[in-house]
> 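This is the structure, below, for whatever I ask next.
None of these values were measured; they are calculated from a predicted model. Each ligand, and each atom within it, is numbered from 1 in the order the structure gives. One is the number of the first residue; the rest follow in order along the sequence.
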Amino acid sequence: MTVNKSNNPGEMTIILAGATGDLGGRIAQSLLNRGAHVRAVIRPGSGNGEVSALRKQGASIVEVDYNDPSALTQACKGGACVVSALSGLYEVIVKVQTSLLNAAVEAGVPRFIPSDYAIDFTKLPGGTNRNLDLRREFREHLEEAPISATSILNGMFTELLNGQAPVILFWLKKVVYWGDADQPLDFTTIDDTAAFTAAAALDPSTPRDLRIAGDVVSARGLKVVASKVTGKEFSLFRAGGLKGFDTLIKMTRTLSPKSEAVFPPWQGMQYLRDMFSGRPKLKPLDNERYPDIRWTSVYEVLATR
Ligand SMILES: NC(=O)c1ccc[n+]([C@@H]2O[C@H](COP(=O)([O-])OP(=O)(O)OC[C@H]3O[C@@H](n4cnc5c(N)ncnc54)[C@H](OP(=O)(O)O)[C@@H]3O)[C@@H](O)[C@H]2O)c1
């Protein structure tokens, strides 16, 4: 069995699952920028466009059926770290990632980075945030495995403030919040998360958790930034307290049609409710660990819309 012991990126192969996805594609690029070899583990039928883009970037592609343990183990051989950027529900976050973990152990890969990329769910009570519960469940498998694991915790992707997250309502010039307008919130861009994950994948001595935030801004701070970026005066709108938010989430979930969507509206609401509660606030931050990474501010992201 070949075990990669070099600390030189040029001699390191990183096994990347989810490379055809948004975050995964950027992790691949960041790893290649750092001189590493990237082996993208792609499931059969993955998008041709994404696969050829990865190939053009310089990644090697291995098409593997994730239900075939020996093929998956073969795909992991010689890797210095397995990085997962898979996205999905139980089937993916628990089942597929467990197959990947077993293959990494069997292949003798020393390190594993799971597809966490979230607020600090280790501080949240179970049963309150569906997608983060799945990460907690996978974390239990990871703790038992004979492999060194590192989770990257990055808060919310900053880009969501430009649309998907119902926080900055540009057309109404309002910043909506629940609970406390001064609660600090963690934001990191997708590119910055990818750059940090790539650096961590190539760093043999990472701790169990690495916490990053490209910017930390409260709802009141978002009001100031949105006003500055647009040149228009924004105001704060308190939608209610956290208990009221809880009730609204339960009602929305009950009334929503059952679906396999990874991010239905009530899931985004659970995420926001947790952020406004302050419980999963990331601290201490590991932003300085790789000094070459320049963090993108909320201002810079809002300015791109
Ligand atoms: N903190 C935040 O605000 C935030 C926001 C968004 C996402 N995230 C997290 O970031 C991570 C990556 O998300 P993303 O947006 O980059 O996801 P994405 O673009 O949807 O990509 C998902 C990747 O997973 C692969 N995949 C899905 N189901 C699979 C299966 N059954 N077997 C094998 N591969 C499978 C896809 O492969 P195919 O190309 O073959 O489909 C693709 O490569 C996730 O952990 C997600 O929760 C965090």
Side-chain angles (χ1 to χ4, degrees), residues 15-30 38 40-54 59 61-68 71-72 75 82-101 103 113-121 124 129-139 142 151-167 185-194 196-197 210-215 260-264 267-272 274-275 280-282 298 301:
I15 315 300
L16 181 58
T20 51
D22 188 5
L23 178 64
R26 301 180 204 221
I27 295 173
Q29 187 59 64
S30 297
V38 175
V41 179
I42 307 293
R43 63 173 164 171
S46 226
N48 285 335
E50 286 80 4
V51 174
S52 43
L54 283 164
I61 308 291
V62 182
E63 190 180 287
V64 175
D65 176 358
Y66 278 79
N67 296 312
D68 179 344
L72 204 48
V82 167
V83 177
S84 168
L86 297 171
S87 182
L89 298 179
Y90 184 84
E91 185 62 30
V92 178
I93 297 301
V94 180
K95 285 181 77 179
V96 174
Q97 282 204 122
T98 299
S99 304
L100 185 63
L101 172 63
I113 296 181
S115 193
D116 286 342
Y117 315 110
I119 49 181
D120 192 348
F121 59 86
L124 293 175
N129 188 316
R130 192 263 318 258
N131 290 14
L132 299 184
D133 282 345
L134 297 175
R135 280 158 179 75
R136 191 183 293 101
E137 185 170 340
F138 179 66
R139 190 177 172 101
L142 201 44
S151 290
I152 309 296
L153 301 171
N154 60 276
M156 180 191 275
F157 285 162
T158 319
E159 289 84 345
L160 297 178
L161 287 173
N162 273 341
Q164 261 172 280
V167 178
L185 310 167
D186 298 310
F187 301 100
T188 310
T189 62
I190 311 174
D191 273 338
D192 290 352
T193 303
F196 190 89
T197 303
L210 283 171
R211 301 175 181 84
I212 52 171
D215 210 346
E260 283 303 295
V262 181
F263 301 110
Q267 169 64 58
M269 290 159 83
Q270 289 185 329
Y271 211 88
L272 275 180
D274 290 337
M275 287 178 77
K281 174 80 191 72
L282 299 170
V298 166
V301 173

> Determine which pairs satisfy salt bridge (Lys or Arg N to Asp or Glu O under 4.0 Å) with at least one residue from residues 17-30, sequence neighbours left out, and list them in order.
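Counting only pairs at least two positions apart or across chains, the salt bridge (Lys or Arg N to Asp or Glu O under 4.0 Å) contacts touching residues 17-30 are D22-R26, R26-D191.
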> Go ahead and list the nitrogen or oxygen contacts between ligand 1 and the protein that come in under 3.5 Å, distances to 0.1 Å, or just say none.
residue, atom, partner, partner atom, Å
ligand 1, 1 (N), Y117, O, 2.9
ligand 1, 1 (N), G155, O, 3.0
ligand 1, 1 (N), Y271, OH, 3.3
ligand 1, 3 (O), F157, N, 2.8
ligand 1, 16 (O), D22, N, 3.3
ligand 1, 16 (O), L23, N, 2.8
ligand 1, 19 (O), D22, N, 2.9
ligand 1, 24 (O), S87, N, 3.3
ligand 1, 31 (N), R43, NH1, 3.3
ligand 1, 37 (O), T20, OG1, 3.3
ligand 1, 39 (O), T20, OG1, 2.5
ligand 1, 39 (O), S46, OG, 3.2
ligand 1, 40 (O), R43, NE, 2.9
ligand 1, 40 (O), S46, OG, 2.6
ligand 1, 41 (O), R43, NH2, 2.9
ligand 1, 43 (O), G18, O, 3.3
ligand 1, 43 (O), T20, OG1, 2.6
ligand 1, 43 (O), G21, N, 3.2
ligand 1, 45 (O), S115, O, 3.4
ligand 1, 45 (O), S115, OG, 2.7
ligand 1, 45 (O), R135, NH2, 2.8
ligand 1, 47 (O), R135, NH2, 2.9

> Taking only residues two or more places apart in sequence, or in another chain, which ones meet A17 in a side chain to side chain contact (heavy atoms under 4.5 Å, CB included)?
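Expected list: Y66, L86, L100.
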> Taking side chain to side chain donor-acceptor pair (under 3.5 Å) as the definition, give me every residue that meets it alongside T189, ordered by chain and number, with sequence neighbours left out.
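Listed in chain order: D192.
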> Side-chain contact test, heavy atoms from C-beta onward, threshold under 4.5 Å: evaluate it for L54 versus I42 and give yes or no.
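Side-chain contact under 4.5 Å: yes.
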> Check step by step if side-chain contact (heavy atoms from CB on, under 4.5 Å) holds for T197 and V83.
CA-CA 8 Å; T197 303; V83 177; 4.0 Å; yes
> Side chains of R135 and P114, heavy atoms from C-beta outward: is any pair under 4.5 Å?
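R135 vs P114: side chains apart.
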